[in-house]
Engineer: 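Have a look at this one before I ask anything.
The sequence lines fix the lettering, A, B, ..., with proteins before strands; numbering per chain opens at 1.
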Amino acid sequence: MAQKKRTPRTPRTRKTQHATTTAKPSSSRRQPLAYYDEFGFNPMKAEELRNLIEFLYHRWWRVKTEGVQHVPSRGRVIIVANHAGFIPFDGLVIKHAVEEAYPGERPLRPLIENPIYYLPFIGTIFQRLGCVRADQENAERLLNSDFGIIVFPEGIKGISKPYKERYNLQRFGRGGFVRLAIKTRSPIVPAAIVGSEETYPLLRTLKLPARVLNLPFFPVTPFFPLFGLAGLLPLPSRWFVQFGEPVDTSRYPQNAAEDDILVNELTERVRSTIQKMVYHLLSQRRSVWFG
Amino acid sequence: MIVLALTGTRTDLGRVFLQRAAGKRGIRIVTLDALPPQVEARNISFCKIDLLDPAVHFTVGDILKKEKCNAFAHLAVFNTPTKDPDISHEINVIGTMKMLHACRMTGVKKFIYKSTALVYGAHPSNPALLKETHPCRPSGHSFIEDKQEAEKMVLNFGEKVRDADITILRAGFITGKSVSTFFSRYIHMKAVPVAAGYNPVIQVLHIADAVRAFEASISKKNPGIVNIAGDSPVPLLSLTRAARSVPVLMPRPGAHLALDSLWRLGAAPFPGYFLDYLIFPFLLDNTKMKKVLGVVPKYSTLEAVRAS
């Protein structure tokens, strides 16, 4: 949907506009919102798409949040969550949930995996909205300038798991987020999301079209690819987001980032916390669509 | 008094530098080139050399000694692949080696080399900002491998020669009036091939700011490797609009093929694989340029493209 908004930019009409009234486009660019940061985030584009995000958040998924107060209102923080949906909207939903709690003062950046980041058109929109390519160096840069980041340690494994395994957390990589937290002295806030799995019920993944299109996997849902691009519309399941108590990492010395046993232990602790919160949310949910 | 030996007077950087340096006090420039420079001034002299001559380092060495040069700036390099890869190898690698050789023979310790940021390579795993310390990954392209090899020679010169003072300017995309860098030719193509769906933010430096960085490296002591890049990055498609050219969105392999064939016909400024630099993150951290060289770009990326 949002994809349609920016592609056919008809350069010819713009050009004639340029030739006749040169003042207009340049003056609009001089606004501070027209600024792009090094990750491709653009406040103006984000503002343009704000209505859409708000619609998805309040009307489409009717997100209910719990425990936002566990996210510190300022300073660096790593929010760790479970991952779902082959076009992952969960990062943007968490970002929006926290931003509503702390309007205009809690900058958050979801980290997204390479295959999503490099999806033509969709990846660009994610970038403009503030998503950043998941990379140790990028994450460190953000945390050191006191941004909050949202990470999904399940990675691609999380968004490609079949429907029958939904809400079973996949392995948590190599614990990169724990090392990062210790190194940069950032608290870790575990977060659980329920409802995201049902936006794209993944029946199976196909290998051949994935290879042809150079994707990590090719999704088959009840509506995609059957209904073409319309099948990419997320389903209106009801979403629940819960934030858990922060894990303080500032008491570990910085060289603890190299301590594999400690890193592993903390990783597993965060993973089981999130899994427990997911089960808790699931047990409270009465209906997938109406909550 | 700086006596600077300068090669590549007809490159964009060399030409604009000479225009600004003409008549200035405190610097005398000995230009080494096949053709005399287009700028005439009392502090600029000319000596004819041929970089492809196997004994060119002796000729250059004699000139350095005779003119009592104390600094050497090597700008005579290819910044985009040539159709015959042997020529660009001879100039970029062997040519640089001979110039370094001439400096070692005559005791010139200050060496400035204009390299390119393309040596970092275009990779999906590039971080958002490339620092000078980031490893270079030429990924099998012989032109970029040559560039890296030349850099290594300059670094080696810096290690082996006592009190050596080297600068390696890793230049990003540069535009400017009457400038024909590969990027300015690309952005001003009548139809600009663009990979559909990719619109990364890129940074462009105005030639005037690039020359200021080059001038600063002449007076600063041992800057080492420095990224030379513009400020306030904007998406590629905003730049084509600013340049008033028409972007032609094609699927990535199509755009690649189009550029490759146009390049063979001489209608595109670079071969297809350069397109990866306009798909994957390729922003340079210019903190060192600001802090060590003391050069803050006067033109933003958008202004640099508008002014070209």
Engineer: Could you tell me whether the side chain of Phe218(A) reaches within less than 4.5 Å of the side chain of Leu208(A), counting heavy atoms only?
Structural biologist: no

Engineer: Let me know if Asp285(B) has heavy atoms under 4.5 Å from chain A in its side chain, its backbone, both or neither.
Structural biologist: side chain

Engineer: Please identify, among Pro233(B), Ser232(B), Ala195(B), Pro251(B), the residue contributing the most non-hydrogen atom pairs under 4.5 Å to chain A.
Structural biologist: Pro233(B)

Engineer: Identify all side-chain donor-acceptor contacts of residues 200-210 of chain B below 3.5 Å with residues at least two apart in sequence or on another chain.
Structural biologist:
| from | atom 1 | to | atom 2 | distance (Å) |
| --- | --- | --- | --- | --- |
| Gln203(B) | OE1 | Leu284(B) | N | 2.4 |
| Gln203(B) | NE2 | Gly230(B) | O | 3.0 |
| Gln203(B) | NE2 | Leu284(B) | O | 3.4 |
| His206(B) | ND1 | Ala208(B) | N | 3.1 |
| Asp209(B) | OD1 | Arg212(B) | NH1 | 2.6 |
| Asp209(B) | OD1 | Lys298(B) | N | 3.0 |
| Asp209(B) | OD2 | Lys298(B) | N | 3.0 |
| Asp209(B) | OD2 | Tyr299(B) | N | 3.1 |

Engineer: Can you tell me which of Ile279(B), Leu283(B), Thr240(B), Leu129(B) forms the most heavy-atom pairs within a distance under 4.5 Å of chain A?
Structural biologist: Leu129(B)

Engineer: Which bit of Glu38(A) comes within less than 4.5 Å of chain B, counting heavy atoms only: side chain, backbone, both or neither?
Structural biologist: both

Engineer: Distance-only, no hydrogens or angles: does the Arg171(A) side chain make a donor-acceptor pair with backbone N or O of Lys157(A) under 3.5 Å?
Structural biologist: no

Engineer: Keeping the roles fixed (side chain from Arg106(A), backbone from Gly75(A)), state whether a donor-acceptor pair exists under 3.5 Å.
Structural biologist: yes

